[in-house]
Amino acid sequence: CNLNHFILSKTSEEAAMYDKKKLIAGNWKMNGSLASLNEIRVLKQLIKDVSCDVALCLPATLLTEAIRVVDKDKLIIGAQNCHYERSGTHTGEISAEMLHDLQVKLVILGHSERRVAHNESSAMIKKKAKTSNDYGLTTIICVGETEKEKLSKKTYKIITSQLTDSLPETATFKNTIIAYEPIWAIGT
């Protein structure tokens with residue numbers, strides 16, 4: 001999708017000012033252990049000569065150790081979610097401030113699993129993204145249609161709606177990445 005068409009309200013010239021380096025991001029979902037972080041050491045060797053950025057979005061339990069293992073290398077450690085509140089009585093949640101404090105660089109928001117299984121609306125994603133941006137995190141906002149919506153030729157309508165309703169006023173080409181992730185294409 002052409003982001004200039006949507007809500008970021010930047011001109012083509014403004015967008016061109018930002019480094020448009022490609023990003024490959026992996027999501028471990030609810031998998032992994034401290035022992036599995038050895039894979040990061042291997043990955044660091046594999047990506048040392050690639051010309052794009054590489055990120056791993058890990059469960060919250062692994063973030064601290066993963067950041068220590070990565071140490072200022074080329075591999076970016078990201079989180080899989082954050083709450084829209086800065087703090088409070090939200091048992092089991094993690095805030096953007098906590099992620100920032102851990103030195104996490106990015107966070108995935110609006111993942112299709114969370115939109116569907118946790119009933120996360122685009123309005124909620126927008127609030128989360130604003131808080132994430134406020135703490136200097138790069139926000140990956142996921143958008144995508146179901147197979148039924150695809151077959152009904154509603155892809156453009158769904159994605160336009162998700163983008164319009166999920167992007168906060170603080171979103172820029174520098175702090176926001178849009179990940180097109182059609183639900184019908186995701187494997188378990």
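For the residue pair Ser152/Glu149, the side-chain donor-acceptor check at 3.5 Å is not satisfied.
Ile158 is not connected to Leu167 by any chain of hydrophobic side-chain contacts under 4.5 Å among Ile, Leu, Val, Met, Phe, Trp and Tyr, and they are in different clusters. Met124 and Ile94 are assigned to two separate hydrophobic clusters, defined by single-linkage of ILVMFWY side chains at heavy-atom distances under 4.5 Å.
In this structure Ile24 satisfies the side-chain contact (heavy atoms from CB on, under 4.5 Å) test together with Cys52, sequence neighbours excluded. By the side-chain contact (heavy atoms from CB on, under 4.5 Å) test, Ser112 is found to be paired with Glu181, Ile183, Ile186, residues two or more places apart in sequence or in another chain being considered. With sequence neighbours left out, Asn133 forms a side chain to side chain donor-acceptor pair (under 3.5 Å) with Thr139, Thr170. Residues satisfying the side chain to side chain donor-acceptor pair (under 3.5 Å) criterion with Glu85, sequence neighbours excluded, are absent altogether. In this structure Trp28 satisfies the side chain to side chain donor-acceptor pair (under 3.5 Å) test with no other residue, sequence neighbours excluded. Contacts of Glu169 classified as salt bridge (charged side-chain N to carboxylate O under 4.0 Å, His left out), with partners at least two apart in sequence or in another chain: Lys126.
Within a 6.0 Å sphere centred on CD of Glu147, other residues, nucleotides and ligands contribute 12 heavy atoms or fewer.
The main-chain N or O of Tyr135 is found under 3.5 Å from a side-chain atom of His100 such that the two form a donor-acceptor pair.
When each of Lys127, Lys128, Arg115 is tested with Ser166 by the rule side chain to side chain donor-acceptor pair (under 3.5 Å), just one qualifies, namely Arg115.
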Show your working on side chain to side chain contact (heavy atoms under 4.5 Å, CB included) between Ile140 and Leu23 and close with a plain yes or no. CA-CA 11 Å; Ile140 298 174; Leu23 171 71; 4.2 Å; yes
Would Ile40 and Leu58 count as a side chain to side chain contact (heavy atoms under 4.5 Å, CB included) if you check the C-alpha gap in whole Å, the side-chain angles of each, and the deciding distance to 0.1 Å? CA-CA 11 Å; Ile40 290 177; Leu58 304 172; 4.2 Å; yes
